[in-house]
2 protein chains.
Amino acid sequence: MLPIGKLSAATGVKVPTIRYYEQIGLLPEPGRSAGNQRLYGKSEQERLAFIRHARELGFPLEAIRELLSLSDDPSQPCAAADGIAKRQLQAVNARISRLTALRAELQRMVAQGAHGAISDCRVIETLGNHALCSHDHPADAG
Amino acid sequence: MLPIGKLSAATGVKVPTIRYYEQIGLLPEPGRSAGNQRLYGKSEQERLAFIRHARELGFPLEAIRELLSLSDDPSQPCAAADGIAKRQLQAVNARISRLTALRAELQRMVAQGAHGAISDCRVIETLGNHALCSHDHPADAG
DNA sequence: TCTTGCAGCTCTAGTTGCTAGAGCAATTAG
DNA sequence: CTAATTGCTCTAGCAACTAGAGCTGCAAGA
């Protein structure tokens with residue numbers, strides 16, 4: 001049985017984050033020591049490792065909650081979990097293409113270089129004049 | 001002189017967002033009509049367009065605040081603005097490479113397909129077992 | 001003129017995924 | 001036995017908005 005600090009070290013999830021996950025119901029309330037300190041077993045550690053890995057892959061906590069509830073019921077079909085992963089893949093792809101377009105524009109801005117005073121600064125001018133920018137931007141900057 | 005709704009339509013920034021920008025000091029307090037409604041002129045509209053464009057490029061509001069204060073003083077050298085843009089470009093590059101790595105792992109997960117029940121679901125298994133994943137993940141999922 | 005209905009106002013609270021701090025109790029190392 | 005570390009609860013804060021309540025302003029049609 002590990003106290004929270006050891007669990008944190010073992011999984012790489014910070015202590016307040018573990019307590020936060022418990023608070024929002026991603027982790028079950030663990031047993032306590034005589035002195036009221038949380039004690040975790042193997043299954044909680046695995047569950048937390050699962051959460052951590054999914055977070056690293058960019059899954060939002062709500063998706064992780066759904067994946068956990070699926071895996072809590074092993075008779076469920078796999079398709080739901082697969083769908084969640086596919087949505088996440090699509091989201092990542094969308095963010096990559098957004099960012100690639102942004103990079104192109106930033107590179108154009110920076111390539112002009114820093115010459116004189118602000119009054120003829122390409123960076124400021126480019127940002128101020130949307131017409132100088134060839135493409136149109138979607139709503140979210142990713 | 002435009003009321004806030006027209007300014008919103010003209011710039012593509014939502015009405016509550018405009019008020020929020022005023023509240024945090026990115027936009028000056030505009031003049032008001034006899035009935036206490038905000039009225040905006042050309043310069044505020046340009047300033048807001050600048051903010052919007054920079055937000056679309058992913059600049060955080062603090063960087064935008066700095067760019068605005070630079071452009072408010074046209075005798076400042078351009079290098080500072082250039083540095084901000086370069087930092088932003090680096091941040092975007094970092095996020096792209098993070099996301100590209102994540103995409104590879106998600107693609108591997110999804111490529112296994114949805115076969116039977118959760119009990120032999122590749123997605124769940126991959127997330128649960130970090131050892132199955134060849135690379136190590138940095139802290140932030142981007 | 002009246003009235004209807006949209007637009008605007010202020011204020012508070014919620015979102016996501018944590019992080020930081022206060023002020024205390026428990027445990028552990030020396 | 002004491003000091004350092006770890007743990008506890010609780011509240012508040014971060015970015016960058018978004019949503020809602022409950023009110024007022026204003027323009028246009030009947």
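Please read these numbers as outputs of a predicted model, since none were measured by experiment. Order of the sequence lines sets the chain letters (A, B, ...), proteins ahead of strands, with each chain counted from 1.
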query: Does A:Tyr21 have a side-chain nitrogen or oxygen under 4.0 Å from the phosphate oxygens OP1 or OP2 of C:dC18?
result: yes

task: List the atom of A:Ala85, the atom of B:Leu106, and the distance in Å for their closest heavy-atom pair.
output: O-CD2, 4.4 Å

message: So, taking the atom named CG in B:Leu67 and the one named OG in B:Ser69, what distance separates them when rounded to the nearest 0.5 Å?
response: 8.0 Å

statement: Across all chains, not counting sequence neighbours, the side-chain contact (heavy atoms from CB on, under 4.5 Å) partners of A:Gln107 are A:Arg103, B:Leu89

- prompt: Going through the checks in order, is the side chain to side chain contact (heavy atoms under 4.5 Å, CB included) test met by A:Ile64 and A:Leu61?
  reply: CA-CA 5 Å; A:Ile64 295 173; A:Leu61 290 182; 4.1 Å; yes

- request: Looking only at non-hydrogen atoms, find the nearest pair between B:Asn36 and B:Arg32 and report the distance.
  value: O-NH1, 2.9 Å

- request: Compare all side-chain heavy atoms of B:Val110 with those of A:Gln88 and state whether any distance is below 4.5 angstrom.
  value: no

- prompt: At what angle, to 10 degrees, do the two end axes of the helix from C:dT1-D:dA30 to C:dG30-D:dC1 meet, given five pairs define each axis?
  reply: 0°

- line: Atom CD1 of B:Ile18 and atom C1' of C:dG8 are separated, to the nearest Å, by 12 Å

- prompt: Think B:Arg38 has a side-chain N or O under 4.0 angstrom from the OP1 or OP2 of C:dG8?
  reply: no

- request: Return the 5'-most residue of the pair B:Glu62, A:Val15 with respect to DNA chain D, ranking by each residue's nearest nucleotide.
  value: A:Val15

message: For A:Arg52, is there an ion pair with A:Glu56 - N to carboxylate O distance below 4.0 angstrom?
response: yes

- prompt: In whole angstrom, what separates B:Leu2's CG from C:dG8's C1'?
  reply: 15 Å

- request: To the nearest Å, give me how far apart CG (A:Leu48) and P (C:dC18) are.
  value: 11 Å

Could you go through nucleotides 26-30 of chain C and list every protein N or O atom that sits under 3.5 Å from one of its N or O atoms, giving the distance for each pair?
unit_1: C:dT27; atom_1: OP1; unit_2: A:Ser33; atom_2: OG; d: 3.4
unit_1: C:dT27; atom_1: OP1; unit_2: A:Gly35; atom_2: N; d: 3.2

message: Please check this pair: side chain of B:Glu105 against backbone of B:Leu102, looking for a donor-acceptor N/O pair closer than 3.5 Å.
response: no

Whole angstrom value for the distance that separates C1' of C:dG8 from CD of B:Gln23: 16 Å

Pairs touching residues 65-79 of chain B that satisfy salt bridge (Lys or Arg N to Asp or Glu O under 4.0 Å), sequence neighbours left out: B:Arg47-B:Asp72, B:Glu62-B:Arg65

field: Position toward the 5' end of DNA chain C (nearest nucleotide), B:Ile4 or A:Tyr20
entry: B:Ile4

message: Going 5' to 3' along DNA chain D, which are the first and last nucleotides with any atom under 4.0 Å from a heavy atom of chain A?
response: D:dG7 to D:dT9

- line: When rounded to whole Å, the CZ to C1' distance for the pair B:Arg32 and C:dA7 reads 14 Å

Would you mind writing out the side-chain donor-acceptor pairs for residues 9-28 of chain B within the sub-3.5 Å range, not counting sequence neighbours?
unit_1: B:Thr11; atom_1: OG1; unit_2: B:Leu7; atom_2: O; d: 2.8
unit_1: B:Thr11; atom_1: OG1; unit_2: B:Val13; atom_2: N; d: 3.4
unit_1: B:Glu22; atom_1: OE1; unit_2: B:Arg38; atom_2: NE; d: 2.7

- prompt: Reckon B:Arg19 has a side-chain N or O less than 4.0 Å from the OP1 or OP2 of C:dC9?
  reply: yes

- prompt: Which whole-number value in Å describes the distance from A:Leu26 CG to C:dC18 P?
  reply: 9 Å

query: Side-chain contact, heavy-atom cut-off 4.5 Å: B:Leu68 with B:Ile51?
result: yes

- line: note: A:Leu61, atom CG; C:dG14, atom C1'; distance rounded to Å ~ 16 Å

task: Give a yes or no answer on whether the side chain of A:Ser8 reaches the backbone of A:Ile4 with a donor-acceptor pair at less than 3.5 Å.
output: no

message: If the cut-off is 4.0 Å, is A:Lys14 near the phosphate of C:dT19, judged by side-chain N/O to OP1 or OP2?
response: yes

